[in-house]
Structure formats: structure tokens, C-alpha cells
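Just below is one structure, and these are the notes that go with it.
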2 protein chains.
Amino acid sequence: MKSLSHSEENYLKEIFHLSGLTEKRVSTNGLAARLNTKASSITDMLQKLSEKKLVEYVKYKGCFLTEEGERIAIQIIRKHRLWETFLVNKLSFGWEEVHDVAEQLEHIDSTKLIDSLDRFLNYPKFDPHGDPIPDKDGNIVYRKSKIKLIDAAINSRVEIVRVNEDSLALLKFLERHHLTLGTEIDVLEKFPFDDSMSIRIGDQPETNLSKKVTENIGVKFISKL
Amino acid sequence: MKSLSHSEENYLKEIFHLSGLTEKRVSTNGLAARLNTKASSITDMLQKLSEKKLVEYVKYKGCFLTEEGERIAIQIIRKHRLWETFLVNKLSFGWEEVHDVAEQLEHIDSTKLIDSLDRFLNYPKFDPHGDPIPDKDGNIVYRKSKIKLIDAAINSRVEIVRVNEDSLALLKFLERHHLTLGTEIDVLEKFPFDDSMSIRIGDQPETNLSKKVTENIGVKFISKL
DNA sequence: CATTATTTTTAGACATGCCTAAAAATTTAA
DNA sequence: TTAAATTTTTAGGCATGTCTAAAAATAATG
Ligand SMILES: [Mn+2]
Ligand SMILES: [Mn+2]
Ligand SMILES: [Mn+2]
Ligand SMILES: [Mn+2]
């Protein structure tokens, strides 16, 4: 109904992300870390959001979103991902440049605007990082059969369908090594010593990817080698 | 340098609009009316903006923008008008629907975004209401030889080049009567009694426009009738 | 299970931006 | 040019969202 502050919206969004698909309770410290604030600020805000029936909160027990809270969170995520898509597809931004601007744009309050943008972009299903874009009713189609590259089987060919956008450094690394969405990767070998992985892209020379990289890439199986 | 709050930006923008092209001092009450706040709030803010060297302020004497303040104000206006243009040209908004959303979008902080948008829109010179769009360096090209319809000579044909966007009701009225930018109007007669004006558009039947309408439309001379 | 260690909440403060009511300065007009 | 009207500023408060420091609750450990 009435509109929320940027801060409140950011809290809802982060609670949604942290609680994942399950209705897992989210801890105060967990939220504090993600929102770059102190635990005491989190407590203050949770009391307010609880008052507004947007989160279920029990002292010392963490919180989770109510239905209404989740509905709002999903709409913010919809806006965020549509704007990222606009920036990349229409304004030629790099995928590592869009997140910060989208953090601002996601708070623009206009249903007509976001639905028009959705149409203008031709109802995209995924954002530039491969994350699903909720539709106007809040439905999210998660990609089934998506696994982390680190879990992909040896001697299989997989396609990159998602990257974790949280780290700017990761996105730059991937860009630099041509590891973009749609790229097909041959998984050659895994090294238990440091959990790194040797891969090949097309007929380029073989390279080694660290655990930190492979656990932040989502892929889908294409074929055996 | 460092970024300003939405509120501070709105103050700068309104001071710019109120002081017009001259370096006219702006009064506290004048600002209060435009910003929908109380005079005391204006005083508070002017002291802060003065502290930051964005306005020149003398107690009881009103204020005007410093060079830096004006530079910032113009950039906000640039953003506002580019976003309005985007909404109308790309997302098919009506010209009466764009202002409120642009009021939000104008505060998004990203030079790269606004310059990309400018390019995407093909460097438009005027917004949907006929107001000039400042370029990235802050240059504003005002349309010369633009007069108010109310001042147009009898028996002349003029073209609508600008409408005052302040009133939503006016924009709806104009839309309804096909008085859009580019429309050519024949000025037939003026009535001193109520300062109304009889006009004709093409071969449509003659109509009468009130003072309130004609003083809020900007036109340029096309030809004698 | 008793004692630490960790997490979370409360208490008290501060900055921002706004308000009302009252005081002060300026403007208008008799 | 003095008195009244108007404008503007100050004083004191309130809500929001954040912080630090201290207290309380919960979790971990021997
Ligand atoms: Mn993002
Ligand atoms: Mn994304
Ligand atoms: Mn506008
Ligand atoms: Mn406009």
C-alpha cells in the first residue's frame, strides 16, 4: 500500500536473498554484514518492519518475510533485474557496470514505468547475469538443472547460464577470460589439492580456474566429451 | 563533489527555476510555495546550502545560486528532461504522465547513465513539453523568437513549440483539444473582456481559449493569414 | 552443567529534514 | 514616518535511520 523508504526496501530484498527459497530464518548479524550496517541498526529496523507486518520477527530468533513482505521484495528484484537488462541491452553497459546503478533505479516507484520497460525489453526472462526476472505477478521461473561449475562432471561440456554478480572483481575476471553467458566449457580435470579445475573453451589453450571462480558460475549440462 | 540528498537537489532546482535567467534573488516564501514546505524549513536548508557554497544567502534578503550550485541545478534539469523524453519517445508515455516519474529519476546519480541515455535518444534538444535539454557541459539553447500564445498577433499563424508542464490539468486539456507540440494555430480574434482568444486549427471549427490556457502555451510565428 | 564466547538487544546519541509557535526584521500604507 | 501587515528567522520538537557502549540472551566448550 503506502510506499516504503529505500532503506526498508533494501532490508526486505536482503532478507529475501538470505532466506533463499526455503523459509529459513535470517540472522541479525547475517543481515548486518550484507547491508553494511551494525547489528543494532538491524534490530531497530526489524522491529519496525515487524510492526508493519512485512517480516515475522522473534527476538533472538531471527526473521523471515511475511507474504506481503515477500511480494514487495520480489517486485524490487524485478525492477533491479529489468533495469540491469535495460542498461546492458539498450545502453551498452558492461555486465560489471550495471549493479550499482540498478541499486538506485530499483527504488523508482511506478508500476506503469516498470511494466512499460518490461515490454520495451520484450519481456526478458533473465538478467545480464543469468538471474531470473520475476514477472509482474511475482512469478519467478528458476532454471532447473542448473549446477555450479565446481560440481560439473569431468569430461563433460557445459554452458555458462549464470554468474554470481556480487563481486565486481569476479565479473571483470570473467569478462577478461571470455567466460560470458552462453560460453561452452569442457571440464577436463579437477584437482583436490586446491579444488581448482582445468577447462577448455573451444580450441583455445587449456586453463585452470580456482575454486573461488568455479563455485560462482552456474552451468547446465550440454554433452559428454 | 560529494553527492547531495534528494532534498538538497530539489532546492537547487527550484531556486534555478525561480530566479529565471536573471540572477534575481529568490524569496523564502516563494521557495516554500514551490517546494510544498514551510518557510522555516526553507531557512534551515538555505543555511545548509549556503554553508556548502551552493547558494549565496543573506538573511532576510533571499538567495541565488553560486556557479557550482547552478552547475548542479542544470545537471538535474538535464536528467529530468532526458528521462521525460525517454518515457515519451521509447516507452510511449503521454506527456502528462511523465513529470512525476521524472521527479524521481532525476536524482539517479550516474554520469555514464545519463550520457548513454542522451546518446540512445539521439541527443534530443527539447523535452516533450518543448523545454530545452541542457547538454552534458550544461549549455542550454533557449529557443529565440518564442512568445506566449496570448501575445501572438491577430491574423497570424503560429506553431506550438512549448507548453507549461506545471499543471497536469492543462496538459490533459491540451491533449484533449489536439493542442500538441507542432500544431499550427490561426489566431483569429482577442476579447479584452476576459482576455480569451478565438483560434482555428486547420479546417476544424473555430474555438475559444481562455487566458489561463493561452498564457501557458509558447508559440513561434509562422505567417500572416 | 557451569563457564566462556558469541550473538542480539537495549540505552542513549547524533544528523537530516521537516514541523509549529513565537520573535524579529522588513515592507506597506495610513 | 509611524503603525500595521507581511515576511523571515529562531527556538524547540518530532520521526527516521544510523552509531557506540553496555546489558541480556543464546550457543559452544570442557
Ligand atoms: Mn545487481
Ligand atoms: Mn543481476
Ligand atoms: Mn517535468
Ligand atoms: Mn518537461
Side-chain angles (χ1 to χ4, degrees), chain A residues 1-16 18-19 24-65 69 72-73 76 103-104 106-109, chain B residues 1-16 18-19 24-65 69 72-73 76 103-104 106-109:
Chain A
M1 302 291 104
K2 69 168 180 320
S3 83
L4 303 173
S5 70
H6 288 199
S7 226
E8 290 170 318
E9 292 191 347
N10 286 334
Y11 274 77
L12 295 179
K13 192 179 53 156
E14 279 312 329
I15 295 168
F16 181 86
L18 285 177
S19 70
K24 200 164 52 196
R25 299 194 88 92
V26 172
S27 75
T28 301
N29 269 359
L31 267 174
R34 294 275 299 183
L35 290 166
N36 291 306
T37 55
K38 296 304 160 72
S40 57
S41 306
I42 302 292
T43 301
D44 287 348
M45 184 60 97
L46 288 183
Q47 287 167 347
K48 207 183 338 167
L49 292 174
S50 176
E51 191 60 43
K52 295 188 180 181
K53 307 279 190 217
L54 298 174
V55 308
E56 212 68 71
Y57 165 65
V58 181
K59 256 195 197 183
Y60 294 103
K61 297 294 178 188
C63 69
F64 57 89
L65 295 176
I72 295 170
I76 298 161
E103 283 293 309
Q104 298 180 61
E106 72 189 4
H107 301 293
I108 301 292
D109 179 28
Chain B
M1 304 290 106
K2 69 168 179 321
S3 83
L4 302 174
S5 70
H6 288 199
S7 225
E8 290 171 318
E9 291 191 348
N10 286 334
Y11 275 76
L12 294 181
K13 191 178 54 155
E14 279 313 328
I15 294 168
F16 182 86
L18 286 177
S19 71
K24 199 163 52 195
R25 300 194 87 95
V26 172
S27 75
T28 300
N29 270 359
L31 267 173
R34 293 276 299 185
L35 290 167
N36 292 305
T37 55
K38 296 305 161 72
S40 56
S41 306
I42 302 292
T43 301
D44 286 349
M45 184 61 97
L46 288 183
Q47 286 167 348
K48 207 186 332 168
L49 292 174
S50 175
E51 190 61 42
K52 294 188 180 182
K53 308 281 190 213
L54 298 174
V55 307
E56 212 67 70
Y57 166 64
V58 180
K59 257 194 194 184
Y60 294 103
K61 297 296 178 188
C63 69
F64 58 88
L65 297 175
I72 295 170
I76 298 162
E103 283 292 309
Q104 297 180 63
E106 72 189 4
H107 300 292
I108 301 293
D109 179 28

**Asked** What is the distance from atom OG1 of Thr43(B) to atom OH of Tyr60(B), rounded to the nearest 0.5 Å?
**Response** 8.5 Å
**Request:** State whether Gln47(B) places a side-chain N or O below 4.0 Å from either non-bridging phosphate oxygen (OP1 or OP2) of dT10(D).
**Result:** yes
**Item:** Residue Thr43(A), side-chain heavy atoms: nucleotide from dT8(D), dT9(D), dT10(C) that is nearest
**Value:** dT10(C)
**Message:** Rounded to whole Å, please give me the gap between NZ in Lys52(A) and P in dA15(D).
**Reply:** 13 Å
Validation: residues 33-41 of chain B side-chain donor-acceptor distances under 3.5 Å, sequence neighbours left out:
unit_1, atom_1, unit_2, atom_2, d
Arg34(B), NE, Glu14(B), OE1, 2.9
Arg34(B), NH1, Asp166(B), OD2, 3.2
Arg34(B), NH2, Glu14(B), OE1, 3.1

**Message:** Please tell me if Thr28(B) has a side-chain N or O lying less than 4.0 Å from either OP1 or OP2 of dT9(D).
**Reply:** yes
**Fill in**
Residues at least two apart in sequence or cross-chain that pass side-chain hydrogen bond (donor to acceptor under 3.5 Å, both in side chains) with Lys53(B), listed by chain then number, are none
**Request:** Run the numbers on Leu65(B) and Phe16(B) for side chain to side chain contact (heavy atoms under 4.5 Å, CB included), then give the verdict.
**Result:** CA-CA 7 Å; Leu65(B) 297 175; Phe16(B) 182 86; 3.7 Å; yes
**Prompt:** Once each nucleotide of nucleotides 18-23 of chain C is scored for protein heavy atoms under 4.0 Å, what B/S/- sequence comes out, 5' to 3'?
**Reply:** BBB---
**Item:** His6(A) vs Lys61(A), nearer the 5' end of DNA chain D by closest nucleotide
**Value:** His6(A)
**Request:** Calculate the interatomic distance between Leu46(B) atom CG and dT9(D) atom C1'; express it in whole Å.
**Result:** 11 Å
**Prompt:** Do the rings of His6(B) and His107(B) sit parallel, tilted or perpendicular, given the 30° and 60° boundaries?
**Reply:** parallel
**Whole angstrom value for the distance that separates C1' of dT27(C) from CZ of Arg25(B)** = 17 Å
**Message:** Would you say Asn29(B) places a side-chain N or O within less than 4.0 Å of OP1 or OP2 belonging to dT6(D)?
**Reply:** no
**Request:** Would you kindly give the CG-to-P distance between Leu49(A) and dT9(C), to the nearest whole Å?
**Result:** 13 Å
**Prompt:** Side chains of Asn10(B) and Ile76(B): closer than 4.5 Å at any heavy-atom pair?
**Reply:** no
**Request:** By nearest nucleotide on DNA chain D, pick out whichever of Glu8(A) and Lys59(A) is the more 5' one.
**Result:** Glu8(A)
